[in-house]
Structures are given as structure tokens and as C-alpha cells.
Amino acid sequence: MDKLQKEDFFTRCVNEYSRPIILEVSRETCSPTKVEEFSADKKRMYLPLHYICTGKGKVTYRGQTCEVSAGDFFLVPPAEYIRYEADAQDPFSYYWVVIAGVAAHQMLNEIGLNKDNVIIKCGKTDDKIMRAFSNLLEYSLEYPKDEYGTLGYFYLLYSAMKTWICHSTERLSASRLHILEIIRFVGRTYMNPKITVDDLCKNLNLSASYVNRIMKKEFGMSPKQYVTFIRIKNACELIAQTDYPFIEIARLTGYTESRYFSREFKKLTELTPSEYRLQYKRLPDAEMYLREKRMNRYLYMKSEGK
């Protein structure tokens, strides 16, 4: 596997780490003066996803401005600057859900939303998605402490989104379907130190040569290298957002021997676990989101003279 840049390795998320975390669900009918900005911040990793119900607006990202309207999705990507504003004559209203965790990145990437593609234009709203957002919002407000119930409603929303946007299995090639199956299998099993590539092939009823070929084409690495990549990427998340001792992080990511874990970690990131924590330590996503939300609210009130 080619040597990865440390910054890219930190922000690249291609696997399922346990489950997505739901930080907030809401709906807003915007005023004609509504403007929201997210500054560039390499430590911002949570993902606000918006679904426009009515009206229109503009999203400015990477120097380009794109109009969005009812039925469209737009994402606030990790780390980068983005600005969006409501149309002065027909301001948009939207649902939004803020999600975090490595699994969240993977799930949105599967439906085509990531830092390289922050808008999906659908042209019209979908009743199933509207109901799913409404149910998710209603449940999260009624049972704010039931994170698993809220997560269940989010999965129903995601299913509706995935079907609507165009990722039905009929439209995917056989090799692409197999890649998604491999991603899910590794995401469910990487914590098991005894899992092997043979287990993957037998579980999915695929030959080792075929798996090796499609993995090389998709990720530029062998299946064994991919499993290691997944383990170390999840270790990065745990090191950056928790104070767990490294021996515990090694165990949680499929390593029975902490020294071997440290060697593998440095091989991919060019840093020891201690160096990585020192350089990339950040607040948990939920805490960072609430802190930035309070600051954005303060700046908005100040700009309005309130």
C-alpha cells in the first residue's frame, strides 16, 4: 500500500465503526436573511445533513456557488469551509440531522455525499423521506435520552434516502455490490483478532483471487492490507476522541499484542500512538458540536443586534 499522508489518513473514513451517533435532529423555516457559515477546522468531524422541504437557497463550497431547492440534500463536510444562505424571496425550510462517528461518514459516502460532493439534487421532495424525517424528529423530541430508539428511526430514514437517491441494488454492478458486502463484513468483524481473509471469502462465497482483484481496483490494497487499514483507522478515532489506554485501544481494534499494534500503527500513520494523540487529540464530536452551535448562535444574535 502506498504511504498515506497523515492528514488524509486522519480524515478518510471508509469503514463502519460500531454505529453512527445522532447529535441533533431539527427542522427550521428560515428567514430571508438566514446565512450560516462553517469555518475551516481540521478537528470538525461531525456531519450536519440537510433536506430541503420548501423554498430555495444557495450553497457556497470550494469557491463555487450552487442553487438548491426543495427535494435536494446538502451536507456540511468535515474540516472545510462552507456557507449556505436562504433565498431572499423564497427562503428554504429544511430538516437536518447532525451525525458523527466513522460509520456516519461511510453511510453518507454510500449514497454519494462526502467532502467532494456535498449536494445531491433530486428535483422534488419524496413523501417517504419527509415522513421518515418527521418521525425521527418527533421521536427524538419525545424521548431525548433514548439514543437507540432514535438511531432506529435514523436507520429507517437512511433506508428511504438510499432507495430514493439511486443506490438500489438493481443499479449496482456485481463487483460494486461485493465491495459493499466486504466493507460491511470487515466493519462488523475487524475487532476479532482471529478473523482472516479466508473467513471473509467463505462468508461471502467469493474466491480469494476475485476478492483480491476487486479490492486492488477499489482501494489500491490487498484484502489483508484493507483489514489492517480499518483497524488502524478506528484506532485513530479512539486515540483522538478518548483517553483509553493504548493497550485497551489495541484490544478494541483486533490486536492481542500492544507492541505489534504500535508497530502497525506507526507503519501506516508515521506516528506512534502517543505522538498521534498529542497531535490530533480533539473534543468528542458531540461536545465540539454543542460548543460551535453556541458560538454560532452568539454570532448570529450579535449580527442581528439582539
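Just the heavy atoms: all of them, side chains too, but no hydrogens, waters or symmetry mates, feed the values below. Just so you know, these numbers come straight off a predicted model, no measurement behind them.
- Tyr210 and Met221 fall within a single hydrophobic cluster, where Ile, Leu, Val, Met, Phe, Trp and Tyr side chains are chained together by heavy-atom contacts under 4.5 Å.
- Within 6.0 Å of CD1 in Ile247 there are 12 or fewer heavy atoms belonging to other residues, nucleotides or ligands.
- If you check the side chains of Thr189 and Asn192, you find no donor sitting under 3.5 Å from an acceptor.
- At a threshold of 4.5 Å between non-hydrogen side-chain atoms, the residues Phe92 and Asp87 do not count as touching.
- Annotation: side chain of Leu271 is in contact with side chain of Gln279 (closest heavy-atom distance under 4.5 Å).
- Hydrophobic cluster membership is shared by Leu156 and Phe154, with clusters built from Ile, Leu, Val, Met, Phe, Trp and Tyr side chains linked at under 4.5 angstrom.
- Donor-acceptor pairing under 3.5 Å is recorded for the side chains of Glu237 and Gln241.
- More than 12 heavy atoms of other residues, nucleotides or ligands sit less than 6.0 Å from atom CG of Asp116.
- Residues Thr253 and Ala235 share a closest heavy-atom pair of CG2-N, 3.7 Å.
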(Q) Evaluate Ser209 against Asn212 for side chain to side chain donor-acceptor pair (under 3.5 Å), listing each step before the verdict. (A) CA-CA 5 Å; Ser209 60; Asn212 187 68; over 6 Å; no

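- By the 6.0 Å contact criterion, CD on Glu275 is enclosed, its count of non-hydrogen atoms from other residues, nucleotides or ligands being greater than 12.
- A side-chain donor-acceptor contact under 3.5 Å links Tyr158 to the backbone of Met107.
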Q | Test log, rule side-chain contact (heavy atoms from CB on, under 4.5 Å), inputs Lys224 and Met215 | A | CA-CA 10 Å; Lys224 184 177 180 180; Met215 292 292 285; over 6 Å; no

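- Applying the ring-ring contact (aromatic ring centres under 6.0 Å, His included) test to Phe74 and every residue at least two apart in sequence or in another chain returns His50, Tyr84.
- In this structure, CG on Leu200 lies 7.5 Å from CG on Leu206, to the nearest 0.5 angstrom.
- Atom CZ of Phe219 sits about 8.0 Å away from atom CD1 of Ile182, to the nearest 0.5 Å.
- Taking all atoms of both residues into account, the shortest heavy-atom contact from Pro78 to His105 is CG-CE1, 3.9 Å.
- A donor-acceptor pair is defined here as one N or O able to donate and one able to accept, closer than 3.5 Å; such a pair exists between the side chain of Tyr61 and the backbone of Lys115.
- Of the inter-residue distances, the one linking Glu147 atom CD with Ser140 atom OG reads 13.0 Å to the nearest 0.5 angstrom.
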**Q.** Stepwise side-chain contact (heavy atoms from CB on, under 4.5 Å) check, Tyr139 with Asn135
**A.** CA-CA 6 Å; Tyr139 191 87; Asn135 291 338; over 6 Å; no

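- For the pair Arg27 and Tyr95, the cation sits on the ring face: its NZ or CZ lies under 6.0 Å from the ring centre, inside 45° of the axis.
- Taken together through direct or relayed side-chain contacts under 4.5 Å among Ile, Leu, Val, Met, Phe, Trp and Tyr, Val59 and Tyr81 form parts of separate hydrophobic clusters.
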Q | Derivation and outcome, salt bridge (Lys or Arg N to Asp or Glu O under 4.0 Å), residues Glu264 and Lys267 | A | CA-CA 5 Å; Glu264 291 290 285; Lys267 190 186 299 182; 3.1 Å; yes

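- Within the 4.5 Å cutoff, the side chain of Glu248 has heavy atoms near those of the Pro245 side chain.
- Within the 3.5 Å criterion, the main-chain N or O of Cys30 finds no donor-acceptor partner in the side chain of Glu28.
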**Q.** Derivation and outcome, salt bridge (Lys or Arg N to Asp or Glu O under 4.0 Å), residues Asp243 and Lys281
**A.** CA-CA 9 Å; Asp243 294 317; Lys281 179 70 174 177; 2.8 Å; yes

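- Residue pairs meeting the side chain to side chain donor-acceptor pair (under 3.5 Å) criterion with at least one partner in residues 119-134, sequence neighbours excluded, are Asp72-Lys121.
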**Q.** side-chain contact (heavy atoms from CB on, under 4.5 Å) between Val97 and Glu24, worked out
**A.** CA-CA 6 Å; Val97 56; Glu24 185 175 51; over 6 Å; no

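- Summarising the geometry of Pro32 relative to Ala88, their closest heavy-atom pair is CB-O, 3.4 Å, with the distance given to 0.1 Å.
- Note on Tyr260: it clusters hydrophobically with Ile239, by side-chain heavy-atom contacts below 4.5 Å among ILVMFWY residues.
- Checked against the 6.0 Å centroid threshold, Phe73 and Tyr51 count as a close aromatic pair.
- The heavy-atom pair separating Cys201 from Ala208 by the smallest distance is SG-CA, 3.7 Å.
- Note on Phe185: it does not cluster hydrophobically with Val197, by side-chain heavy-atom contacts below 4.5 Å among ILVMFWY residues.
- Residues Glu181 and Arg184 are not paired through a salt bridge, judged by the lack of any N-O separation under 4.0 Å between the basic side chain and the carboxylate.
- A centroid separation of less than 6.0 Å is found between the aromatic rings of Tyr276 and Phe265.
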Q: Please step through side chain to side chain donor-acceptor pair (under 3.5 Å) for the pair Tyr153 and Glu138, ending with a clear verdict.
A: CA-CA 10 Å; Tyr153 278 98; Glu138 183 178 342; over 6 Å; no

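- Here the CG atom belonging to Leu157 is positioned 12.0 Å from the CE atom belonging to Met130, to the nearest 0.5 angstrom.
- No more than 12 heavy atoms of other residues, nucleotides or ligands sit less than 6.0 Å from atom OH of Tyr143.
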Q: Would you please test Arg83 and Glu37 for salt bridge (Lys or Arg N to Asp or Glu O under 4.0 Å) and show each step?
A: CA-CA 4 Å; Arg83 180 181 191 272; Glu37 286 187 304; 3.7 Å; yes

Q.
Between Trp96 and Val25, does the side-chain contact (heavy atoms from CB on, under 4.5 Å) criterion hold? Intermediate values first, please.
A. CA-CA 6 Å; Trp96 83 82; Val25 186; over 6 Å; no

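- Between the side chains of Thr33 and Ser31, at least one donor N or O lies within less than 3.5 Å of an accepting N or O.
- Rounding to the nearest 0.5 angstrom, the gap separating the CZ atom in Phe261 from the OG1 atom in Thr256 is 12.5 Å.
- A pairwise comparison of heavy atoms in Ile129 and Trp164 identifies CD1-CD1, 3.5 Å as the closest pair.
- Asp41 places no side-chain N or O within 3.5 Å of a backbone atom of Ala79 that could act as its donor or acceptor partner.
- Put simply, CD1 on Ile120 and CG on Leu113 are 3.5 Å apart, with the number rounded to the nearest 0.5 Å.
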Q) Would Glu80 and Arg44 satisfy salt bridge (Lys or Arg N to Asp or Glu O under 4.0 Å), going step by step from the backbone distance to the final call? A) CA-CA 8 Å; Glu80 298 192 45; Arg44 189 185 75 244; over 6 Å; no

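- Of all non-hydrogen atoms in Leu136 and Thr150, the two that sit nearest each other are CD1-O, 3.4 Å.
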